[in-house]
Amino acid sequence: MSIDVRRFFRRKPGETAAGREDLPSPEQLGMPQPAPTVANKLGLVKFNPDTESHLRIIDSEVCRRRCRQKFCTHSCPAQVYRWEEEEKQITVAFEGCLECGTCRSGGCPYENIEMRYPRGGFGAQYRFG
Amino acid sequence: MSAATSRYDAIVVGGGPAGLAAAYTLAKGGASVVCLERGDWSGSKNMMGGLIYSQPTGSVFPEFWREAPLERHVTRRDMWLATGDSAIKLSFETADFAVEPYNSFTVYRSSFDKWLSRQTAAAGALMIRETLVEDLLWDGGRIAGVRTGRPQGDLEADVVIIAEGVNTFLTEKAGLSPCPPRAANVALAVKEVLALPKERIEDRFDLDPGAGAAIEIIGETTGGLPGTGFIYTNRDTISVGVGVLLDSLVDNRAEAYNLLERFKQQSQVRRLIQGAAPREYSAHLIPEGGYSCMPRLYGDGVLVAGDAAGMVNAINSEGANLALLSGKMAAETVLACRERGDFSAAALGRYRLLLEDTVILKDLRKYDNATKFLSTHHHLFGLYPELMAALAREFLTVDQLSKAEKERLLLKLFRSQVPTRRLLKDFYQAWRALT
Amino acid sequence: MAFHSVVCIKQVPDTTQVRIDPETGSLVRKGIPSVINPFDLFAVEAALRLRDEHGGTVTALCMGPPQAEEALRKVLGYGVDRAVLVTDRAFAGADTLATTYTLAAAIRKIAGARNDQKAAGNEGGEAGPRDADGEPVDLVFCGKQSIDGDTGQVGPGLARRLGFSQLTYVCSLLQIDPEKRKLRAWRQREDGRELLEADLPVAVTITEACNRIRYASLPDLLAAADKKIDTWRADDLDAERGRLGLKGSPTRVNRIFAPPVRQRGETVGEPGMEPAAVAALLFDRLSERGMKPGVARA
Amino acid sequence: MPEDRPKISKNSPDDAARAGKDAAQDSSTAGGEVWVVVEQVAGEAAPVSWELMGEARALAEALGVRAAAVILGAGAPELARQAFSYGAAAAYTGSDPALEPFITDPHCQALVDLARAHQPQIILLGATTRGRDLASAAATELETGLTADCTHLEIDEAKGLLKQTRPAFGGNVMATIITPNHRPQIATVRPGVFPLPEAAAEAGGEIIESRPAITAAAAAVRQLQFLPNPGEESLMGAHVIVAGGRGMRSAHNFALLEKLATELGGTVAASRAAVDAGWISQRRQVGQTGQTVRPLLYIAVGISGAVQHLAGIQESDVIVAINSDPDAPIFDVADYGIVGDLFEIVPALIEEAHARLSGAAGSDAAGERQIGVEST
């Protein structure tokens, strides 16, 4: 008896969702519209941003020439980093940083981001946490 | 202690559970201590996908449950194996957890840590908030104090207890941890707090008034990446989040918030949170490197506690209680050294010995290989839950096939997906790593 | 000559988080952190700068629940010399009239109940409780308004009750003449700015354009943590019970409700459309709402 | 106890307006006119005063009393005539050198004297910097209730009380406030809330002149100099505001917004991000720690829309958002959203506005809300 795996699985077994191109869209998942964006999520957090950034791209040449994937634009849970195609550089929206440390802990595999904490009293404030 | 004192017995860096337990214990022990917290208040930078346990917390802050801001005492712990469309649910529920001292609680860290800091201040520790420690002061090879980001911001002490949390800026500067936490050793957790009236929470989760549930979900929740999803009930909100090992997240260019959205859309989860309004989004790293990734815990004039010391039991989602206990022990060590006026590495090394004897290091050693195992065995999170669900689905589906035929079919399926040797190897390694 | 300033601060809920519960129709306060009314910090800074230049003392005054001590502790960290909390159940539910009544009584006590000759009415006076640390008050500073009530009434109300001159919406504090006891400041109006000169004692309200709060030094923070905060109850003030709190408040909240929620509107133009076409479309939409550009233009 | 203190409600000296209606009302509200304190600079009234006059007349009719204007300072006869044309049945005037230019204290003394003598039941003022000051001072002196920044007024038919509705908590909450036992009931009302009533050509009324007794203490504050807004209109009273945020990228680019603002007869503002970046003065900052604005038209350019910013703009009549990020939260509150490059859109808007302005000149549109003020 030959077995048809489709009997058991909705998709290929063992396949991880993250690597796939055909991740279901929010619409397919029946999400409420408009889908909550990261910007909206950050809108729920209270920020007291400092005037100067506590995050710094060390060498923008690395972003331009070596890092093709722009890893930080995916790994940062607050979407602090954005690739600006026109200007060929990463912009850093430090005001919405959740201070998790992802960018200094492998979120940029090129270790091209210098992260400090904001000055005491500045930055994100969780009301629940 | 007067305001003019610029030199203290001890400086505690960080006003989270580890730092507060240390400062509280030191103050109670009669030492002059200042605790520096970078947030507007203790807890304002903290989040958690876990529980506060009565026993360890109570051992530092006695009978805290009578007054601390707690959300719900947890009477049910669930573990789900989820595949996206199916789930196998293991549930443990006991009335024992519904009476004092309750075993565990859900809390909002923002208010719970703040309460702990009030107790600490009341015990006599000097709590300085909104102040970031940027560097350490050295006296030869000995750590002699800290440099804060404030004008005239230097502060000296006999000993510095570093309880700075998962981002180990100072631990690295102290030369105790040579490198920043690497992606393989930390998990990124993202979480949302969703508001729902408390009666509705109790209905949906089948809970007595005031009681709570904690659900941990492995499998498809994290898109097959090594990690877990979690759901905790608070009084009138639900905390929903996912935690994923950072290296696999980065390698797969997966976005944590998208994983969270997917998780929220899984039918079993969606049912629980339907109609709940988002109140907060948060993100935090969790040190999951375990025993072998811990920094050196002491040096001349310095001790490390809590997340900074890697004291998280990733398998059982315990961190805050280990932090509390390690902070307490760091403080006890300092109190003992204070008697003899010796804060050398040799004297402070007693901290390590104390820890070795406790549940903290015993548990951490036991699960030392867990993270490594999990990150090298991705399929555990994708394939096995799928197989288990397939098994359950097949057996519970009544159709033309006889049960014997189904058994044969399933056996074949398993063999086609996992060679027997690999299956045995996985189980052996899992057993070694996780038990 | 040194001056004694009193800065009134208020602890307020972070208003961006305050909402009406759609089911119960009541105010949702849980989990909403309290902050110092941001405008009050500009007032604190103004008072501190004055002291740094001319010497003297700055006393912070707060009416609120016992937890408001936190707000006072924080301003002590900026270098405020003394902090007074007036807290009592009798103060609860106060509108601005009852608030200024209470604060004025506290300020008289802070002043040692000595400089109230000009005060309207005969409240206070020599018979009232005296504060041993009392020192005549030259200036009272307030933020231009609170972010919760948004009324801007406390500053002028205090001026009235204390018999101080009144200088509101100050966007630039210029100079103080210690000899002639005069203060000069620019005041923001809708149509411009006016330079005013006021005789001391004066009550001043400060806008965000005036300054920015300093980053406190560590020694100040350490000192603040240890400082005693004077806590006064209703009985400690020379005040009539019936004029405090809800009892002393002429206004009542009849009803609270949620404002109509702003809905996501219409997206004007489509991707790829010429900017000029998008612009035309927008003005068409505005015209439909009765907004015609510049009809009255000469 | 407030209940024990004498109230200034009964025995109003006035009677003319009570003619048509029986005085069989609740004793606490019987009699008493509805007053509008006219705000004026050198004989020219602020529009909000006449907006209030229209509303005062409606309230007075509901109460069966008359509406009156209070005119302190210069320009009395002419302003009284205007007040009559907008609905006042009477005008109380007071002149004294101390009343010019406006300083709160003497005005407060004059208003309090008038109120004590004539006992109005309602006093309305514009919620301007001057109106809010004067109202606060007078309410304190009269020991009565004051409700600031009202957006809606209404008479409770049963009790004859003034129901005053206003936003609180940064506009997240609306509250209706009453002053049950004290008189007068004082409210300030935001400019632009009530429509400007049509002026009646032939209208007359009673003028009650007074000579306010202003004490020397009132001279404690003196105006030394006044600088009208140079080109940049104040945000407080602006009808059109064009605001820029982080998306503007540089201080230089704010010139673009200036241009658009000029075309629309408005003024320029900014989000905290742009202020912090040093591109524009703090005085132009809109949001929780800046100013709360309520223009007819708010155009947010390159502003993402953090809650702290939204807190300052949500009472605007119409919000237009221009942002290249379609997910920017500003679009959730905008009536009209334009997704695109602001450096293309804004110049197009300037051109279009200019073209329409030239076309529209001379056309008559009374009652319409004009975006674009008279340029002088």
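All chains are named by letter (A, B, ...) in the order of the sequence lines, taking the proteins before the strands, and each is independently numbered beginning at 1. We use all heavy atoms of the structure for the numbers below, so side chains are in, but hydrogens, waters and symmetry mates are not.
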Subject >> Part of C:Pro13 within contact of chain D (heavy atom distance under 4.5 Å) >> reply: side chain

Subject >> Toward chain D, the part of C:Leu167 with a non-hydrogen atom under 4.5 Å >> reply: side chain

**OP:** Check each atom of D:Asp149 against the heavy atoms of chain C and say whether the ones under 4.5 Å are side chain, backbone, both or neither.
**Re:** side chain

Original post:
Can you tell which of C:Glu190, C:Glu194, C:Gln188 makes a side chain to side chain donor-acceptor pair (under 3.5 Å) with D:Thr129?
Top reply: C:Glu190

**OP:** Could you list all the side chain to side chain donor-acceptor pair (under 3.5 Å) pairs where at least one residue sits in residues 199-211 of chain C, not counting sequence neighbours?
**Re:** C:Lys144-C:Glu208, C:Lys182-C:Asp199, C:Asp199-D:Arg222

**OP:** Flag the pair C:Asp191 and D:Arg130 as a salt bridge only when some basic side-chain nitrogen lies within less than 4.0 angstrom of an acidic carboxylate oxygen.
**Re:** yes

**OP:** Find out whether D:Leu224 and C:Arg184 are in side-chain contact, i.e. whether some heavy atom of one side chain is under 4.5 Å from a heavy atom of the other.
**Re:** yes

**OP:** Take C:Arg189 and D:Asp133 through the test salt bridge (Lys or Arg N to Asp or Glu O under 4.0 Å) and record every step on the way to the result.
**Re:** CA-CA 11 Å; C:Arg189 272 171 35 180; D:Asp133 267 18; over 6 Å; no

Original post:
In terms of heavy-atom pairs under 4.5 Å, which option from D:Glu351, D:Gln314, D:Glu315, D:Gln285 contacts chain C the most?
Top reply: D:Gln314

**OP:** Please state whether the side chain, the backbone, both or neither of C:Gln263 comes within less than 4.5 Å of a heavy atom of chain D.
**Re:** backbone

Original post:
Which region of C:Tyr169, side chain (C-beta onward) or backbone (N, CA, C, O), has a non-hydrogen atom less than 4.5 Å from a non-hydrogen atom of chain D, or is it both or neither?
Top reply: side chain

**OP:** Among C:Val268, C:Asp148, C:Leu195, single out the residue with the greatest number of heavy-atom pairs under 4.5 Å to chain D.
**Re:** C:Leu195

Subject >> salt_bridge(D:Arg166, C:Asp150) N-O dist < 4.0 Å >> reply: no

**OP:** Please examine the side chains of D:Lys163 and C:Asn254, heavy atoms only from C-beta on, and report whether any two atoms are closer than 4.5 Å.
**Re:** yes

Original post:
Non-hydrogen atoms of chain C under 4.5 Å away: do they reach the side chain of D:Thr104, the backbone, both or neither?
Top reply: side chain

Original post:
Using non-hydrogen atoms only, which part of D:Pro191 is less than 4.5 Å away from chain C: side chain, backbone, both, or neither?
Top reply: neither

Original post:
Measuring heavy-atom distances to chain C, does D:Gln223 have an atom under 4.5 Å in its side chain, in its backbone, in both, or in neither?
Top reply: both

Original post:
Can you say whether D:Ser281 sits under 4.5 Å from chain C via the side chain, the backbone, both, or neither, judging by heavy atoms?
Top reply: neither

Subject >> Min side-chain heavy-atom separation D:Cys108-C:Arg160 under 4.5 Å >> reply: yes

Subject >> Pairwise side-chain contact, C:Arg212 with D:Gln282, heavy-atom cut-off 4.5 Å (strictly under) >> reply: yes

**OP:** Please state whether the side chain, the backbone, both or neither of D:Ile319 comes within less than 4.5 Å of a heavy atom of chain C.
**Re:** both

Original post:
Is it true that C:Arg285 and D:Asp335 have a side-chain N and a carboxylate O under 4.0 angstrom from each other?
Top reply: no

**OP:** Flag the pair C:Phe257 / D:Val173 as yes when at least one side-chain heavy-atom distance between them is below 4.5 Å, and no otherwise.
**Re:** no

**OP:** Answer with side chain, backbone, both or neither: which region of D:Ala334 has an atom nearer than 4.5 Å to a non-hydrogen atom of chain C?
**Re:** backbone

**OP:** Let me know if D:Ala137 has heavy atoms under 4.5 Å from chain C in its side chain, its backbone, both or neither.
**Re:** both

Original post:
Where does C:Pro38 contact chain D at under 4.5 Å (heavy atoms): side chain, backbone, both or neither?
Top reply: side chain

**OP:** Calculate, to the nearest 0.5 Å, the distance between atoms CD1 and CD1 belonging to C:Ile256 and D:Ile177 respectively.
**Re:** 10.0 Å

Original post:
Side chain, backbone, both or neither: which part of D:Ile103 has a heavy atom under 4.5 Å from chain C?
Top reply: side chain

Subject >> Contacts of D:Thr147 that satisfy side-chain hydrogen bond (donor to acceptor under 3.5 Å, both in side chains) - sequence neighbours left out >> reply: D:Gln164

**OP:** Find the one option among C:Ala198, C:Gly157, C:Pro259 whose heavy-atom pairs under 4.5 Å with chain D are most numerous.
**Re:** C:Pro259

**OP:** Side chain from CB out, backbone as N, CA, C, O: work out which of these in D:Val346 comes under 4.5 Å of a heavy atom of chain C, or both, or neither.
**Re:** neither

Subject >> chain C contacts, top residue of D:Asp341, D:Ile345, D:Thr144 (heavy-atom pairs, under 4.5 Å) >> reply: D:Thr144

Original post:
Atom CG in C:Leu282, atom OH in D:Tyr336: separation rounded to 0.5 Å?
Top reply: 8.0 Å

**OP:** Flag the one option from D:Gly337, D:Ala348, D:Ala127, D:Gly145 with the top tally of heavy-atom pairs under 4.5 Å to chain C.
**Re:** D:Gly337

